[in-house]
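As structure tokens, the structure follows; a few thoughts come after it.
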Amino acid sequence: MEIPSKYDPKLVEDKWNQHWLENRLFHSVPDERESYSVVIPPPNVTGVLHMGHMLNNTIQDVCVRRARMLGKNACWVPGTDHASIATEAKVVQLLRKQGIRKSDLSREAFLEHAFEWKEKYGGIILDQLKKLGASVDWDRTSFTMDPGYYKAVTRVFVDLYNKGYIYRGLRMINWDCEAQTALSNEEVLYNEDGDKSLLYHVRYAIKDSNDSLVIATQRPETIMGDTAIAVNPTDERFLHLIGKMAIVPMIGREIPIIADEYVEKDFGTGCLKVTPAHDPNDYELGQRHNLPVIDTINLDGTLNASCEIPEFVGKERFEVRQLVIDRLKASGELVKEEEFMTRIGRSERTNTVVEPKLSLQWFIRMKDISKQALDAVENDEITLHPAKFKNTYRHWMENVRDWCISRQLWWGHRIPAFYYGEGENDFVVAETREEAEQIVKQRLGENTTAELRQDDDVLDTWASSWLWPIAVFDGFNDNCFDKTTGKINKKANKELDYYYPTQVLVTAPEILFFWVARMIIAGYEYLDEKPFSDVYLHGIVRDKQGRKMSKSLGNSPDPLDLMATYGADGTRVGMLLSSPAGNDLLFDEGLCEQGRNFSNKIWNAFRLVNGWESADIPQPESARFAIEWFESKFSETIGLLNQSYDKFRISEALMTTYKLVWDDFCAWYLEMVKPAYQQPIDSITLTKTKQIFENILKVLHPFMPFITEEIWHYLGHRETAQQSCCLAEWPKTGAVNSEVLAVFNETADIIIGVRTIRLQNNIPNKEQVELKIKDSGKFAANTSTLIKMCGVSNLETITEKAENSFTFISNQNEFFVPFGENVDVEAELKKLEDELVYTKGFLDIVLKKLNNEKFVAGAPAAVIDNERKKQADAEGKIRMLEEKISALIS
RNA sequence: GGGGGAUUAGCUCAGUUGGUUCAGAGCACCUGCCUUACAAGCAGGGGGUCAUAGGUUCGAGCCCUAUAUCCCCCACCA
């Protein structure tokens, strides 16, 4: 059967994917083996595979596949995140296209649409993961709004509330007056270059004084909500005014003049009007100074009665701005209009200017609950890779701020708070409405007729995904979660007991705090145990110019296209080739090409070996040596590989594998054992070579699962369907015979010497050459390998220098290749002279060191010995070169 | 503004406690080869004052101090 000379992934990948799935090779159940569990960072349920996923999942797959081969019970849990904001935005958009507005729908109707949409399009990304060969346990696919998961999230909310970690508080949120909804920070867009705006300087009178001061504002329409004027306490211009009362223009309200560090002396006029209801900073100022909050703007952006000016009530905020300006101009209180650059936030959805708005939100108190999570990373119970993120992590955790977990959306986990009255504390928190009713009855009496309203808001997505490593193993179920202590009893949950903590979490540093830190917090809060031992943080995939890949730039290749062009294996290798942990990856399609070429190289090595016919003939010495050498080389490399893997240096492991396969195995080993054209190979060498090839496939497998599986089956594992390279045993480190390695190195060095002479002197490979060796007593190369690899017709040991020859030195032995016809003596001479000059210079440097008394006195003996050895070698080399030159000249 | 990180070959990066080939790898580049596994290949080769300036040391890519440039995260000036 003819095997094509080019590897065709299309003929291979689907076949093996199907094989793996049908045989459920990646399914894991607890058993007596050591577990190796990994939870996937759940992609958005609405997501489609992009380059970031490609990188992220390839790294995980490499770790998981290797662990499986190491004999561990590998369990990689897949799933998706409901991603409340992102998904809700998409659903809203979709509905809008169908002419349906969210505001016209009931919550229930909207959620019905959302779930419908999720069923239809959600999980596309999971299918795409199959394409890249992700060896996840598909039977365990989870979703952050699965019923069980939903229950876990609710349960945790109630628990944290009961423990006193959750509270309600006022907070500025971004309000979209048109859509009448709150916006997350991510949904607020800013003009990149800033916005040109006007700063209005307005004069405020001082009570009981002829004095006045001038503030600067870009929002004159909020003047009626002012409750203070603030100046910097060190600003001498205003020291005398601190503590006095200023008069708000137009309405005459008296407000205090306060001092606060926050005020910049150099900006505007140095006086700041404080409007706690309509500016986040002013709100904080107000908190610090106990200022009243006067909210003058309605949800739809019109002014309300609190503004005290009837003419303004019901009018839109920007219309009012102009009216205010007109009034102030007329009264002479507007001193100046000044252009300046600022940044104005606009709603991503409606493009209206975002209105900061105070509202009651839910928070988690972070300080105490995050203590253990800080320590765990600090004392390396959890290791971050690369370690530099430890600093970042510490800084954030030490300055952790309370976490606002409520979102004004419908798609998500609805906050389990039930209100029975209008009072601030007229609510209860409970897992279900029934439980809530019970509590209310206890509180208000059995006969209460209070109607319960559940909070309309849902939880921040991260307030569900922070439970991921616990919840995917059903860690909050009734059996193991103890409501009274608020702890999980691991022993009562076989799965959790076996798989938790997981091994490695692979993700991007961008979400180190949003997600990773919070998972750690949850782990310690509920299990008193870390959720994972190692965190591998990979960079962002960027284009060649270093720009983030984005839809709008159109600079992101589609991973599916790449896999179609270069094969999944080639693309995986391409992704990992230049991606050390923590560094951004400047993606270059050329890397995938390199990956594809590598596939092809492996494929052709297989074709070569596969085509060999064995015969009952003696094993050549060169083949015997090749096997002996390669086995040592392989053992040595396995050691290096294991080290790289253990340190999570995945790209280093890949490069080591790449060189082992391409250089050591293909370029050297196969050439060394290869029989002459159309000659058979001895059976010992063939058998050994196939064994070696199998080992090669094993170390390649984590990176290139498809091609290795394909060849694996060709090499004699076709018979049983269960057999798979996926389940092969990772090679053990064996003995490394350093003597053999040294012999090989010397042999290879001589071969390269002869090749160089051939190339530089245009001696065709077909033409046999003689090789003479002047042995310094150290010659130890494998001669039969030399003869085979160099095209040597005659190998001879001599005692005197050979004349009329090209020469080179290797390991203090001198080698001579006698001139054939057409020899360029001049060129040869020049080469020798150049080398002489260089070596003399080198000797000078060494001597300088050795003549330095301080060096000889201060450096350890080993270092000095080495320098003396260098000196001796150099002196010897100079003698040889000089002799050679004189021989050529004569 | 606060914090963190980086600067080594044309590009992307290694370089472990300062001292054995430590100045490296891959790609790119140059030269020669369609040699019967592979031109998606083979063989060989060139290339760096380790950002700059000082300092510590017998010895610095590595340690210290400044300077310059770049990147990331958080908070963002009314």
Side-chain angles (χ1 to χ4, degrees), chain A residues 3 5-7 199-200 215-219 222 230 262-264 266-275 279-282 285 340 342-343 386 388-396 398-399 401 509-510 512-513 539-540 544 546 566 570 577-580 582-588 590-591 593-612 643 647 649 651-652 654-656 658-659 662 666-667 670-671 674 676-678 751-752 755-760 762 764-766 791 849 852-860 862-867 869-870:
Chain A
I3 300 173
S5 74
K6 300 231 187 309
Y7 168 66
L199 204 52
Y200 301 92
I215 58 91
T217 180
Q218 57 167 320
R219 300 201 58 197
T222 64
Y262 168 76
V263 182
E264 296 280 338
D266 302 335
F267 190 89
T269 61
C271 294
L272 171 67
K273 77 182 199 65
V274 184
T275 320
D279 182 278
N281 294 306
D282 289 13
L285 260 173
F340 83 122
T342 185
R343 290 172 69 212
K388 66 178 178 185
F389 286 110
K390 213 170 145 178
N391 291 332
T392 321
Y393 181 86
R394 183 193 314 115
H395 182 253
W396 191 78
E398 281 175 350
N399 298 288
R401 303 176 12 155
E510 307 172 282
L512 183 57
F513 311 126
I540 298 167
K544 259 170 139 177
Y566 302 105
L577 268 174
S578 78
S579 149
N583 281 33
D584 282 356
L585 176 132
L586 299 193
F587 182 76
D588 178 353
L591 294 169
E593 198 180 329
Q594 195 185 343
R596 180 206 50 187
N597 295 353
F598 189 38
S599 304
N600 207 44
K601 185 72 186 174
I602 298 162
W603 186 247
N604 276 293
F606 159 66
R607 285 178 61 223
L608 174 68
V609 174
N610 191 56
W612 285 342
Q643 279 178 33
K647 286 188 271 185
R649 298 177 162 208
S651 54
E652 188 178 272
L654 172 58
M655 191 44 69
T656 303
Y658 183 87
K659 284 194 272 195
W662 199 306
C666 292
L670 288 179
E671 293 298 331
K674 186 163 141 187
Y677 182 52
Q678 289 192 331
I751 292 168
I752 289 168
R755 281 175 180 168
T756 308
I757 285 173
R758 281 183 176 276
L759 186 75
Q760 288 176 348
N762 293 315
N765 288 330
K766 282 176 187 158
K849 251 193 210 176
N852 180 344
E853 281 172 32
K854 284 183 178 174
F855 172 75
V856 179
V863 175
I864 295 174
D865 283 352
N866 186 54
E867 289 300 316
K869 182 170 175 292
K870 279 191 201 165

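- Taking atom P in both B/U35 and B/A43, one finds a spacing of 14 Å when rounded to whole Å.
- Between B/G44, B/A78, B/C38, one nucleotide has an atom nearer to the side chain of A/Arg607 than all others, and that is B/C38.
- For the pair A/Arg649 (side chain) and A/Gln643 (backbone), a donor-acceptor distance under 3.5 Å is absent.
- Relative to the side chain of A/Cys666, the nucleotides B/A43, B/A37, B/G5 differ in distance, and B/A37 lies closest.
- Comparing B/G26, B/A78, B/G32 against the side chain of A/Thr217 picks out B/A78 as the nearest.
- Atom CD of A/Glu593 and atom CG of A/Asn600 lie 11.5 Å apart (nearest 0.5 Å).
- Comparing B/C70 with B/U57, their P atoms are spaced 35 Å from each other, to the whole Å.
- Base pairing of B/G41: its partner is B/C33, meeting the Watson-Crick or G-U wobble criterion (both donor-acceptor distances under 3.5 Å).
- Mapping A/Leu608 and A/Leu199 onto RNA chain B by nearest heavy atom places A/Leu608 at the nucleotide closer to the 5' end.
- Searching all strands for a Watson-Crick or G-U wobble partner of B/G47 with both distances below 3.5 Å returns nothing.
- Remark: B/C62 base-pairs with no nucleotide; criterion is Watson-Crick or G-U wobble with both hydrogen-bond distances under 3.5 Å.
- Residue A/Asn600 has its side chain nearest to B/C38 when only B/C27, B/A78, B/C38 are considered.
- For A/Asn281 and B/C77, the shortest distance from a side-chain N or O to OP1 or OP2 is below 4.0 Å.
- Across all strands shown, B/G1 forms a Watson-Crick or G-U wobble pair with B/C74, both key distances being under 3.5 Å.
- Regarding contacts with the backbone of B/G41, a side-chain N or O of A/Asn597 is found under 4.0 angstrom from either OP1 or OP2.
- With a cut-off of 3.5 Å on both Watson-Crick or G-U wobble distances, the partner of B/U69 is given as B/A6.
- At the phosphate of B/C42, OP1 or OP2 sits under 4.0 Å from a side-chain N or O atom of A/Trp662.
- In this structure, NZ in A/Lys601 is found 7.5 Å from CG in A/Asn604, a value given to the nearest 0.5 Å.
- Remark: A/Tyr658 is in phosphate contact with B/C27, judged by side-chain N or O atoms under 4.0 Å from OP1 or OP2.
- Which of B/G44, B/A78, B/A37 sits closest to the side chain of A/Lys601 comes down to B/A37.
- For A/Lys674 and B/A37, the shortest distance from a side-chain N or O to OP1 or OP2 is below 4.0 Å.
- Within the shown strands, nothing qualifies as a pairing partner of B/U17 under the Watson-Crick or G-U definition with both distances less than 3.5 Å.
- Of all nucleotides listed (B/A43, B/G4, B/C38), B/A43 comes nearest to the side chain of A/Ala667.
- The phosphate of B/G5 has OP1 or OP2 within less than 4.0 Å of a side-chain N or O from A/Asn391.
- Pairing of B/A25, defined by two Watson-Crick or G-U wobble distances under 3.5 Å, is identified with B/U12.
- If you take atom C1' in B/A25 and the same atom in B/A68, they sit 29 Å apart, rounded to whole Å.
- In this structure, A/Gln218 reaches the sugar-phosphate backbone alone: every heavy-atom distance under 4.0 Å involves primed, P, OP1 or OP2 atoms, never a base.
- If you check B/G44, B/A78, B/A37 against the side chain of A/Arg755, the one that comes closest is B/G44.
- Phosphate proximity of B/G15 to A/Arg649: present, with a side-chain N or O under 4.0 Å from OP1 or OP2.
- Not one side-chain nitrogen or oxygen of A/Arg596 sits closer than 4.0 Å to the OP1 or OP2 atom of B/A40.
- When distances are taken from the side chain of A/Thr756 to each of B/G45, B/C27, B/A14, the shortest belongs to B/G45.
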